[in-house]
J.: 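Have a look at this one before I ask anything.
Excluded from the calculations below are hydrogen atoms, water molecules and symmetry mates; all remaining heavy atoms, backbone and side chain alike, are included. One-based numbering, in listed order, for ligands and for the atoms of each.
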Amino acid sequence: MNQQQALQQTFTHARTYFPSLGSSYKGRPVLFFDNSAGAQVSQFVIDRVTDYYIHRNAQKGTIFARTEEMQHTIVDARQLAADLIGANDHSEIAFGQNATNFFHLFAHHLGRDLTKGDHIVITEADHHANVNPWMELAERGIHVHLWNVDDQGNLDFAQYEELLALRPKIVAAGWASNATGTIHDMKKITAMAHAAGALVVADGVQAASHIALDVKEAGVDFSAFSTYKIFGPHMGFGYVNRDHLNRLNGWRIKEELEKDAYFFEVGSQNHEGIEGFIGSMDYLAQVTKDAQANGFSLDETPLAQARPKRRELAGAMHFAHLFEQQLTDHFLAKLADVEHVVLYGKTAEQSAERLPVFSFNIEGIEPDVLGRELNEAGVEARTGNYLAINLMKRLAPSFGGSALRISLVHYNTVEEIDRFFEILDEVLVNLKTRIF
Ligand SMILES: Cc1ncc(COP(=O)(O)O)c(C=O)c1O
């Protein structure tokens, strides 16, 4: 078995852990291609949530056994999140409602240290979750600068240097685009920001469901993630480099916050969701075991020296990325045969710098019309700007800042891609006879 076959085998099997995949609509198999908005969950998640309700359903703050077990489990879950993203340990992690909420919290707390005339940099490539919270600070006289992209959606590093010369206090930037799938060089972004004296708030949401992240290696100071895009329940978690915990003071429980990020978790938490998150991490650990059984090793990778649990969790993302690169190449080769297509972001020749997230338009066809026809044929994919509002306005002005997005993850298959292009052909023939 060569590497390509071993990856196919590993991820064909991974798909079988997801009971929701394989449904049908109007007699046709559903192609679930909306993964950038939120992924499906495996049986590990479903079982874990059920187990929580039977054995550990309790409130914080007592010492009887059910509560104690629940409280320990939540610390375990924070440790798993730390292992996944390469944080020091559970004390740098807090669970919460979603990533957007964390960006608002970061802006609120970091904003307390800013004064009128200070500078902040946000990017034109980002989802609004990591844009809006900073824009709100402009109302207090803080200068918020937009770091622009070029015609392909790449961040313009020459302009970044100019912005850093203003000595901004904060740079808010995404690790990967949820619209074009472009992976940003976070290590370079943070190194340049730190040299200019700025802290970096990285949006890790999109990258986390595709690649093995390492917050320490990348040098990010604050970050947030959506567990429901990492094959888990609808929640999020935040990462705070422990050197900066004391910057977040003043929010309800000051003394405690100085010790641990999880005092962001004020009030009651979504325990069942946190348990489901553990299930999603059990799933990733299983993927790594399956990959190893198929002959893969992590010994020659950057994860070789990682602690055992991190090897298991980030290892799955390492293998997933290798497989997703096959999906990406296959998808882009097929897309090249579609007439009048306009793809946003990295091309087939640059596929190593992107995720299998493809936004494109067909000249002469309104994205929403195309999207609706595809939905009717069982393709679950969305059109619009996916809240990467500035980026899509910049890249697709003649389509009103909108495009069709096909977003794949490792449980999608080459066969699904082939089926999609057959359906797209049918839909385009029908639409062209109606439109032209
Ligand atoms: C890049 C990116 N950032 C942030 C978000 C918002 O995440 P949440 O729903 O967890 O707030 C999304 C959701 O699509 C996203 O893709």
J.: Of all the non-hydrogen atoms in the protein, which one sits nearest to atom 1 (C) of ligand 1, and at what distance?
T.: D203 OD2, 3.4 Å
J.: Taking the basic N atoms (NZ, or NE/NH1/NH2) and the acidic carboxylate oxygens, is any pair closer than 4.0 Å for D34 and R405?
T.: yes
J.: Please name all residues satisfying side-chain hydrogen bond (donor to acceptor under 3.5 Å, both in side chains) with K216, sequence neighbours left out, ordered by chain then number.
T.: E92, Y239
J.: Please write down residue, atom name and distance for the protein heavy atom closest to atom 7 (O) of ligand 1.
T.: S226 OG, 3.3 Å
J.: Check the angle between the aromatic planes of F44 and Y17 and answer parallel, tilted or perpendicular using the 30° and 60° thresholds.
T.: perpendicular
J.: Are any of the N or O atoms of M235 closer than 3.5 Å to those of ligand 1?
T.: no
J.: Only one of V201, I170, V131 clears side-chain contact (heavy atoms from CB on, under 4.5 Å) with I122; which?
T.: V131
J.: Can you pull out the closest protein heavy atom to atom 16 (O) of ligand 1? Residue, atom name and distance to 0.1 Å, please.
T.: Q206 NE2, 3.0 Å
J.: For ligand 1, which atoms sit closer than 4.0 Å to a heavy atom of A129?
T.: 4 (C)
J.: Once side-chain hydrogen bond (donor to acceptor under 3.5 Å, both in side chains) is applied, do any residues pair with N178, and if so which ones, sequence neighbours excluded?
T.: none
J.: Is the closest heavy atom of F103 to ligand 1 under 4.0 Å?
T.: no
J.: Could you find the nearest protein heavy atom to atom 8 (P) of ligand 1 and give me its residue, atom name and distance?
T.: Y228 OH, 3.4 Å
J.: Closer than 4.0 Å to some heavy atom of N178 - which atoms of ligand 1 meet that?
T.: 1 (C), 16 (O)
J.: Check this for me, if you would: do E422 and R419 make a salt bridge, where the nitrogen-to-carboxylate-oxygen distance has to be below 4.0 angstrom?
T.: no
J.: What is the nearest protein non-hydrogen atom to atom 6 (C) of ligand 1, stated with its residue, atom name and distance?
T.: T100 OG1, 3.5 Å
J.: In terms of residue, atom name and distance, what is the protein heavy atom nearest to atom 14 (O) of ligand 1?
T.: K229 NZ, 2.7 Å
J.: Can you report which non-hydrogen protein atom sits closest to atom 15 (C) of ligand 1, along with the distance?
T.: H127 CD2, 3.3 Å
